[in-house]
Amino acid sequence: MEKLGLNLSKELSEILLEVGALLMASGANSSRIRITIMRIAKAYGFNAELLITHRALMVSVSDDEHDLFQSSLKRTSPHGANFRMVSGISRMSWRIVDENWNFEQIWGEINRLKSLPHYPRLIVLSTVALAGASFCRLFGGGPVEMLVAFVATFTGLFVRQEVTRRNFNGYLCIFFASLASCLISGASVKLNLGAEPEYAFATSVLYLIPGIPLINSLSDLLDGNIMNGIVRGTNGLIIAFAIAFGMLCSILIYNI
Amino acid sequence: MEWSVFFESWIWLGFASLGFAILFNVPLRTLWVIFLLGALGGTLKLVTMKMGGGIILGSFFGAMLVGFLSISAAHFRHAPPFVFAIPSVIPMVPGAFAYRMMLGIIKLTGDVDHTTFTQLLDDTVTNGLKAFFVLMALALGVSAPMLLTRRESAKQIKVPLKIDGLIKK
């Protein structure tokens with residue numbers, strides 16, 4: 001019986017860390033990670049305490065009945081937003097509570113969520129490019145500027161995906177993408193295409209803005225997770241720096 | 001006052017949110033809701049700014065609208081509210097201010113004379129502060145429903161509008 005309880009708490013803490021690491025990597029904020037993990041642990045009658053940092057998670061699982069205590073630590077993978085994962089894990093956590101899932105079912109669901117496809121690449125590229133063109137229109141650009149913003153965003157995102165696949169440093173990927181976008185939109189400023197090509201130049205890098213790190217940073221700060229908030233905010237600022245550096249390089253190249 | 005411009009920007013705001021939604025790989029069933037939320041929130045921001053509210057108050061109202069609507073959306077599309085809320089408020093994130101501040105800081109390190117320096121410092125500080133406060137307003141607005149109802153999960157918030165049963169199949 002004692003042995004069984006030990007295995008149970010060990011496997012539970014593995015599941016909790018896997019769920020937490022997936023949520024952290026997919027762009028959830030700290031309080032969501034904490035709530036989800038507490039919910040799953042409670043469903044099995046365990047108490048869980050959690051330490052959340054940017055690149056690692058630590059969980060301590062304890063059980064009043066057996067006097068067991070299990071601590072483990074897990075490194076989280078590099079971050080990349082994936083809300084399909086967050087949504088799937090949130091639904092899974094409720095089904096664990098409502099339907100009394102066993103551990104095999106949880107592992108099965110986690111593996112299913114991991115294998116879910118992303119949107120087709122061409123669709124991602126063209127919708128994000130359309131979003132770039134929309135930003136340009138909102139800032140006051142005309143059809144020519146919108147077209148420039150579309151092409152610049154499309155190329156920039158393509159470059160970012162390619163560089164990310166080659167495992168460059170994350171901030172360097174952003175820099176390359178920003179440089180590629182600005183080289184295209186900067187050319188339109190240099191050649192004076194359209195009425196006000198500056199709008200295209202300013203909006204062609206908006207798809208890179210660190211929205212998730214910055215919003216999560218502030219919501220963590222509001223929630224009292226000051227450390228996590230500061231770390232996420234710094235990450236966002238470095239991304240903003242990488243974008244600005246890419247813009248600056250193209251400004252220097254074109255001398256505009 | 002020209003109001004018809006809002007109908008046009010409504011569409012563009014929706015597409016801007018849609019692009020980010022696809023980039024963040026949201027579930028397919030939530031896409032059109034995100035389009036709607038992004039368009040509505042962004043329009044409220046533009047209307048507030050047109051009425052003289054300023055960008056910070058505008059972003060706050062827009063984000064708060066998105067925050068409340070995302071709770072009802074979460075109930076009938078079965079996804080956590082922030083899956084709807086984040087892509088919808090991303091078009092309002094002050095990205096332009098943030099990188100203009102960075103650009104300003106980089107330029108400040110160059111050899112500039114006193115007047116240009118003062119002008120640059122002025123712009124940089126203004127852009128940085130605006131970026132910070134708009135972000136603060138966005139985060140506060142999006143989490144307003146949770147903070148006001150003092151619940152930990154959207155499942156515990158009862159949706160007053162009975163749209164649940166109507167829209168489900």
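Residue numbers begin at 1 in each chain, while the letters A, B, ... track the order of the sequences.
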Short side-chain to backbone donor-acceptor contact, [X] and [Y], under 3.5 Å:
X: B:S88; Y: B:L37; result: no
X: A:K190; Y: A:Y254; result: yes
X: A:D223; Y: A:N225; result: no

Quick check on [X] against chain A: is it the side chain, the backbone, both or neither that has a heavy atom closer than 4.5 Å?
X: B:S143; result: side chain
X: B:I106; result: side chain
X: B:L13; result: both
X: B:M92; result: neither
X: B:I105; result: neither

Does any heavy atom of chain B fall under 4.5 Å from the side chain of [X], the backbone, both, or neither of them?
X: A:P117; value: backbone
X: A:I209; value: side chain
X: A:L138; value: side chain
X: A:I212; value: both
X: A:A129; value: neither
X: A:M146; value: side chain
X: A:L222; value: side chain

*Polar contact flag, side-chain donor to acceptor under 3.5 angstrom, A:D220-A:N228*: no
*With distance as the sole criterion, is a donor-acceptor pair present between the side chains of B:R77 and B:T30 under 3.5 Å?*
no
Top contributor to chain A contacts, counting heavy-atom pairs under 4.5 Å, from [options]:
options: B:P91, B:S9, B:A21, B:P27; result: B:P27
options: B:I22, B:I11, B:V89, B:L18; result: B:I22
options: B:L140, B:N25, B:L138; result: B:N25

_Salt-bridge contact A:R91-A:E99 (side-chain N to carboxylate O under 4.0 Å)_ = no
Quick check on the 6.0 Å ring-centre criterion: do [X] and [Y] meet it?
X: A:F241; Y: A:Y171; value: no
X: A:F175; Y: A:F245; value: yes
X: A:F135; Y: A:Y207; value: no

*Using a 4.5 Å cut-off on heavy atoms from C-beta on, say whether the side chain of A:V159 contacts that of A:E162.*
no
